[in-house]
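Nothing here was measured: the structure is a model prediction, and the numbers come from that model. Per chain, numbering begins at 1; letters A, B, ... match sequence-line order.
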There are 2 protein chains.
Amino acid sequence: MAKLKTERGTDKAVSARGYHHGNLRRALLEAALELAQQHGPERVSVREAARQIGVSPAAPFRHFPNRRALMTALAEEAGERLRIEVRKSMGGRERSPLQRLRLLGRGYLQWAMRHPSHFKIVSARDQIDLEGSIALRASIGEVRALTEQMLTEAQQQGQVDAAHRVPALALLSRATVYGLARMHQDGHLGQWGVAAGEEAVAMTDTLDLLIALMRRGPAV
Amino acid sequence: MAKLKTERGTDKAVSARGYHHGNLRRALLEAALELAQQHGPERVSVREAARQIGVSPAAPFRHFPNRRALMTALAEEAGERLRIEVRKSMGGRERSPLQRLRLLGRGYLQWAMRHPSHFKIVSARDQIDLEGSIALRASIGEVRALTEQMLTEAQQQGQVDAAHRVPALALLSRATVYGLARMHQDGHLGQWGVAAGEEAVAMTDTLDLLIALMRRGPAV
DNA sequence: ACCTGAACACCGTTCAAGT
DNA sequence: ACCTGAACACCGTTCAAGT
């Protein structure tokens, strides 16, 4: 059996009592995520996380300068997962660019629906420090790059009217997908005629509608 | 000169000292709004509002059962203003339905940009009780009704392809506008290639792009 | 009818002191 | 190097008591 190692490379068993915890940083992130899943990110408390781990209320501040830094670290992990999910769902070059853009959006929407806490954390701008996080900006940046790439290729292959600017098309795509995910999260879909349980189909149908509108009609 | 009356119909001057405040409810809403404008809605504190008014920390709870009810009341006022603004910006029937839909969206976006605190409050779902507020749901409902009405008329007049379902077109419109307003509020526009100071034009350009895609091209 | 004072159970954060 | 204990300045909310 392979030896389990802690991050520092010691072989000391993690479950032993009496030590200075060993990996409090990791434990804090996990406890905070669990709290976010239970009551929403805005109600994650550093003290409560410390309490659940069995450590003093001051201990977390050795690993995170403040609450916001904890939440930002959580958002970085969530953003990375989203980035990976989106990449995976697009598939490879055997598909058309517009089809891949659609799958990108679909992957984003499905991830947001399946992992509401994670999505809440990445989009909880008032709780995290987006400007200060290069990791988070990099994750978002890759999604944007992929979006623009698909649109550029779609125009080159005549799937999308080249009269429209790619950055504008990308922003429209992003606003639509982000708006749908947010409406879902904020509980607004019901107000817009989506029956309970029909959220998933309504969201993907809306995305499909945008893709259909972008697709160049039969040549005149 | 007309006599100014308080809500209870007494003529007692509001500025007099020593009374049981007279209109604490109104004063709380104003203090809370000011705090929201200063540090964001999530940092509005009932105690701080009471302090600024010069009343005990327990007094507010005579007028609002809890903090959430205060925030919801604030959101109701903001939602009503948004509804009025949107109605106004649409103009009358001398304009085409699709043009009016565009103006509706534009009015929404401009209001969100000009009154960021108010927009933050209406969209701060975790701080307010949307389900419990008929007023707020009514404001949102009217915006939705207007959106669907414009799209129905646009289809009848041949401006929009009748092959697409109106509720789907309405949801796409809403998601786009809400998404743009949210991206602006959440500080995501910079990440999507919008230069500082160009937010307003980028947002309306994106809306215009959606309207252009919805408009039926020259008949085949 | 409306407000105060005091209390309770919470926060985030700091800092000296312990191991 | 990492954590504790105690403290400080805050919260939201309740409740008896005051006017």
Side-chain angles (χ1 to χ4, degrees), chain A residues 6-10 12 14-29 31-32 34-36 38-74 124 126-129 132, chain B residues 6-10 12-14 16-29 31-32 34-36 38-74 124 126-129 132:
Chain A
T6 71
E7 286 188 343
R8 258 185 242 82
T10 69
K12 199 166 51 165
V14 186
S15 57
R17 288 278 144 262
Y19 62 136
H20 276 11
H21 194 278
N23 205 345
L24 184 52
R25 190 192 144 87
R26 190 69 260 141
L28 282 166
L29 287 169
E34 200 160 333
L35 290 171
Q38 280 165 22
H39 325 279
E42 72 282 359
R43 282 179 54 196
V44 170
S45 120
V46 179
R47 279 186 108 104
E48 178 63 24
R51 200 176 295 129
Q52 300 220 344
I53 299 167
V55 93
S56 98
F61 294 91
R62 206 69 18 205
H63 299 270
F64 299 99
N66 49 42
R67 192 196 113 108
R68 174 171 286 258
L70 208 200
M71 299 308 286
T72 304
L74 220 48
D126 50 344
Q127 319 238 15
I128 67 180
D129 181 14
Chain B
T6 73
E7 284 189 344
R8 254 182 244 81
T10 69
K12 200 165 53 164
V14 186
R17 289 277 145 262
Y19 60 136
H20 275 13
H21 192 278
N23 205 346
L24 184 52
R25 190 193 144 87
R26 189 70 261 139
L28 282 166
L29 286 169
E34 200 159 333
L35 289 170
Q38 280 164 22
H39 325 279
E42 72 282 359
R43 282 179 52 196
V44 171
S45 120
V46 179
R47 280 186 108 103
E48 178 64 23
R51 201 177 295 130
Q52 299 221 345
I53 298 166
V55 93
S56 96
F61 294 89
R62 204 86 355 218
H63 299 271
F64 299 99
N66 49 41
R67 192 196 112 108
R68 175 171 285 256
L70 208 199
M71 300 307 285
T72 303
L74 220 49
D126 50 344
Q127 320 238 12
I128 66 180
D129 181 15

Check the distance between [N]'s [atom2] and [X]'s [atom1] and give it to me in whole angstrom.
X	N	atom1	atom2	result
B:His63	C:dC2	NE2	P	7 Å
B:Glu42	D:dG12	CD	C1'	17 Å
A:Leu35	C:dC11	CG	P	10 Å
A:Met71	C:dG12	CE	P	10 Å
B:Phe64	C:dC3	CZ	P	12 Å
B:Phe61	D:dA16	CZ	P	17 Å
A:His39	C:dC10	NE2	P	12 Å
B:Leu28	C:dC3	CG	P	9 Å

Original post:
Taking for each residue the nucleotide of DNA chain C with the nearest heavy atom, is it A:Arg51 or A:Pro65 whose nucleotide lies nearer the 5' end?
Top reply: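 Nearer the 5' end of the strand: A:Arg51.
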
Calculate, to the nearest 0.5 Å, the distance between atoms [atom1] and [atom2] belonging to [X] and [Y] respectively.
X	Y	atom1	atom2	value
A:His39	B:Asp126	NE2	CG	14.5 Å
B:Ile53	B:Glu48	CD1	CD	10.0 Å
A:Glu42	B:Gln127	CD	CD	7.5 Å

Given [options], which nucleotide is nearest the side-chain atoms of [X]?
X	options	result
B:Val46	D:dG12, C:dT13, D:dT14	D:dG12
B:Ala58	C:dG5, C:dT13, D:dG12	C:dG5
A:Asn66	C:dT13, D:dT13, C:dC11	C:dT13

**OP:** Quick one: label A:Arg67 by what it contacts on the DNA or RNA (base, sugar-phosphate, nothing), any heavy atom closer than 4.0 Å.
**Re:**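 Contact class for A:Arg67: sugar-phosphate only.
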
Original post:
Reckon A:Arg43 touches a base, only the sugar-phosphate, or nothing at all at heavy-atom distances under 4.0 Å?
Top reply: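 Here A:Arg43 touches no strand at all.
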
Original post:
Which pair of non-hydrogen atoms, one from A:Val55 and one from A:Ala59, has the smallest distance, and what is that distance?
Top reply: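 Heavy atoms of A:Val55 and A:Ala59 come nearest at CG1-CB, 3.7 Å.
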
Original post:
Of all heavy-atom pairs between B:Arg25 and B:Ala73, which one has the smallest distance, and what is that distance?
Top reply: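 Smallest heavy-atom distance, with atoms named: NH2-CB, 4.2 Å.
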
Original post:
When you check the phosphate oxygens OP1 and OP2 of C:dC10, does a side-chain N or O of A:Ser45 lie under 4.0 Å from one of them?
Top reply: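 Answer is no, no contact under 4.0 Å.
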
**OP:** Please list every stem that involves DNA chain D, where a stem is a run of 3 or more consecutive Watson-Crick or G-U wobble pairs with both pairing distances under 3.5 Å.
**Re:**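 Only these stems qualify: C:4-8 with D:12-16, C:12-16 with D:4-8.
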
Subject >> Residue of the set B:Leu70, B:Leu24, B:Leu29 for which side-chain contact (heavy atoms from CB on, under 4.5 Å) holds with B:His63 >> reply: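 Of the listed residues B:Leu70, B:Leu24, B:Leu29, the side-chain contact (heavy atoms from CB on, under 4.5 Å) partner of B:His63 is B:Leu24.
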
Original post:
Taking N and O atoms by type only, does the side chain of A:Arg62 place a donor or acceptor under 3.5 Å from a partner on the base of D:dT4?
Top reply: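 Such a pair does not exist between side chain and base.
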
Original post:
Of A:Val55 and A:Arg47, whose closest DNA chain D nucleotide lies nearer the 5' terminus?
Top reply: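 Per heavy-atom nearest nucleotide, the more 5' residue is A:Val55.
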
**OP:** Would you mind reporting whether B:Leu35 and B:Gln52 have side-chain heavy atoms less than 4.5 Å apart?
**Re:**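 Side-chain contact under 4.5 Å: yes.
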
